[in-house]
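Below is one structure; the comments refer to it alone.
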Amino acid sequence: MAATETSTSAVAFDVDYTEPWSARVRTLTRLGRHREALSLFRHGDPSPPPDALALPAAVISCAKLHLASGVEQLHALAAKRGLLPSSDAYLLSALLSTYSRLRLLPRAHQLLDELPLASTAPTTARTAFNSLISGCALHALPAACFSLFRRMRAAGVPFDAVTLMALVPAAPLGVMPQLHALAVRSGLAASNSVANCLISVYARGGAALARKVFDGMPAASRDLVSWNAVLSAHAQNGLAVEALELYRRMRGPEGAGVEPDAVTLVGVLSSCAHLGARCVGLDVERYVWERLPGFRANVQLCNALINFHARCGGLPRAQQLFDEMPERSIVSWTALITAYGMHGHGHFAINLFEAMVSSGIRPDNVAMVGLLSACSHAGMHKEGRNYFSAMETTYHLRPTLEHYTCMVDLLGRAGLLDEAQDLIASMPMAADGAVWGALLGACKIHKNVEMGEEAFERIVEIEPNNVGYYVLMANIYTDAGNLDGVAKVRAMMRHRRLKKEPGCSYVEHNGKVHLFMADDHSHPQAKRIYDLVVKLERTVKEKTGGGVVEGITEKSAKAKAAAFPLVGFHSEKLAVAFGLLNTEAGSEIVVIKNLRVCGDCHSFLKTVSALSNRAFLVRDASRFHRFEDGACSCRDYW
DNA sequence: GTAGGGTTAG
């Protein structure tokens with residue numbers, strides 16, 4: 001509502017006092033000045049009777065002010081003057097949509113039932129049905145929408161693009177093929193508003209069908225909304241690379257001059273955050289500053305910027321944007337709480353959470369996930385436990401699987417494996433792969449083979465194709481020097497044709513992405529990079545005294561070689577070496593990685609940060625590590 | 001003049 005008022009008041013037109021009073025009522029309604037509209041309608045000029053032209057506007061103003069009784073009065077007035085049921089299409093439509101907006105659906109149905117369909121102009125009947133169907137869609141009443149649609153068709157009332165635009169978002173995905181076919185048969189699928197609508201609805205079930213509709217549109221009918229809809233379809237479904245590719249196409253000749261707006265950029269920034277694509281995101285931010293001067297009033301766009309910076313290593317910038325926001329939503333707070341959590345600053349996250357609550361925002365489930373995972377990354381298990389129990393007692397939130405996953409992770413990593421196991425046993429719902437996976441991860445850290453085997457057994461039943469858990473179990477056996485265990489897991493992987501997900505890391509430099517896989521020699525500077533890694537490894541070994549690295553025994557080293565014999569040069573080492581060779585002394589090297597950092601790379605990077613007097617910021621699959629002066633910000637707790 | 005399409009946080 002507020003957004004409408006600001007956007008309309010910015011329009012450069014105002015009430016023209018030479019107009020007849022009924023036209024002035026309409027103008028005031030259009031400007032969002034509903035009280036003035038109604039006051040003029042009532043008291044403005046009593047000599048001529050209320051003009052039929054002013055009535056629909058007055059009805060709309062009543063609706064905006066939630067004055068149900070006012071609508072009833074206007075309805076009665078109109079009936080007395082013989083404007084109903086069908087002689088004024090505009091009035092009928094305004095009343096129907098208003099009643100349904102105000103949740104007075106029986107009233108709306110009554111009005112529609114009074115309509116003599118046989119003697120009503122088809123366009124009037126169509127608009128009447130459209131109004132009510134849209135109203136039912138607004139209140140998420142799909143069954144009512146479709147029963148009205150059936151009635152409409154049975155009565156021979158024609159439908160149009162507006163009808164479909166109300167029905168399509170209300171349809172369950174299973175009904176979509178039929179509805180889509182109907183849209184095609186009626187020729188309405190060619191209307192770009194219907195096509196855009198199809199794209200956004202298909203996006204709920206993945207990007208593929210949404211993409212198909214978009215690809216099938218003639219290039220000339222793709223407008224900003226089409227691009228936004230298809231781009232967000234990919235962004236929402238985790239296809240960040242494709243989303244950025246669409247953005248690139250949109251800005252090129254194919255976009256035919258379509259200018260991105262805030263909605264586009266929210267989708268693009270979310271994909272940048274996902275990928276760690278700093279260069280693209282920074283370009284977007286520049287665009288925002290230059291082209292969208294009012295962006296601070298757009299909470300979603302600011303949230304997207306905060307999230308982008310936070311996930312791409314720009315935590316201070318994220319905090320700054322947050323501080324400068326005139327209005328914040330729970331999403332703004334959650335983005336920042338999560339960001340501090342990912343950087344291991346648990347106390348900051350907790351302080352922010354408390355400040356959010358003090359500011360009058362009641363936490364939701366997502367905010368609690370952010371807070372609990374912040375406690376987890378910082379090893380703050382007492383705080384985490386307290387907040388977890390406060391969820392129900394203080395905030396009246398029922399923990400979901402994700403909260404249990406956080407708690408199992410938090411307790412397990414803190415070494416409280418039995419408590420973590422008890423928590424799983426106490427869950428009111430069945431644990432999923434992620435919950436057991438958190439326990440398995442804790443068993444890896446604390447070298448508990450038996451409990452790990454139990455968890456692994458459950459996981460294999462639930463997510464037999466998730467490679468990560470097999471690797472984790474193999475690593476538990478490896479650390480225990482259990483060669484039989486390693487062989488068993490490898491056999492299971494072979495049997496299910498599962499391949500270890502390759503690790504990859506990348507660094508952005510001069511606007512280009514430099515991607516490295518483990519043992520990958522495809523980079524043009526590969527020779528220099530490998531030479532540097534070898535040299536650094538030698539120096540590190542000398543420094544740390546003959547290769548005794550954090551709990552690695554000879555037996556476990558042997559098991560490791562048996563488990564994954566191919567792994568030699570992990571991708572993060574290559575990425576850091578590239579950074580050292582190509583960036584100025586003193587600047588921070590930011591690396592994005594798809595998997596977790598392994599213990600060997602972790603201690604390597606710590607030592608190299610001291611040797612080279614550089615800072616490395618590494619985002620791995622779960623958090624940030626900042627290596628500087630021989631130490632890591634995670635304080636070796638990850 | 002009436003009915004109306006796209007967005008974010010784990």
Residues which pass salt bridge (charged side-chain N to carboxylate O under 4.0 Å, His left out) with Arg296(A), listed by chain and number, not counting sequence neighbours:
Glu324(A)
Suppose the criterion is side-chain hydrogen bond (donor to acceptor under 3.5 Å, both in side chains): which pairs have a residue in residues 209-221 of chain A, not counting sequence neighbours?
Arg211(A)-Asp215(A), Arg211(A)-His234(A)
Listing, residues 366-373 of chain A side-chain donor-acceptor contacts under 3.5 Å, not counting sequence neighbours, or none:
residue   : atom : partner   : partner atom : Å
Ser373(A) : OG   : Val369(A) : O            : 3.3
Ser373(A) : OG   : Gly370(A) : O            : 3.2

Figure out the CG/P separation between Leu292(A) and dT8(B), and round it to whole Å.
17 Å
May I ask you to say what Asn307(A) touches in the nucleic acid, namely base, sugar-phosphate or nothing, with a heavy-atom cut-off under 4.0 Å?
sugar-phosphate
Each nucleotide of nucleotides 1-7 of chain B classed B (base within 4.0 Å of a protein heavy atom), S (only sugar-phosphate) or -, in 5' to 3' order, makes BBBBBBB
Are Cys136(A) and Leu105(A) close enough that some pair of their side-chain heavy atoms sits under 4.5 Å apart?
yes
My understanding is that only residues two or more places apart in sequence, or in another chain, count here; which of them pass side chain to side chain contact (heavy atoms under 4.5 Å, CB included) with Met429(A)?
Leu401(A), Tyr404(A), Met427(A)
Here the distance between atom C1' of dT8(B) and atom CZ of Arg328(A), to the nearest Å, is 17 Å
Atom CD of Glu402(A) and atom C1' of dA9(B) are separated, to the nearest Å, by 11 Å
Set of residues satisfying side chain to side chain contact (heavy atoms under 4.5 Å, CB included) with respect to Pro169(A), sequence neighbours excluded:
Cys197(A), Val201(A), Arg204(A)
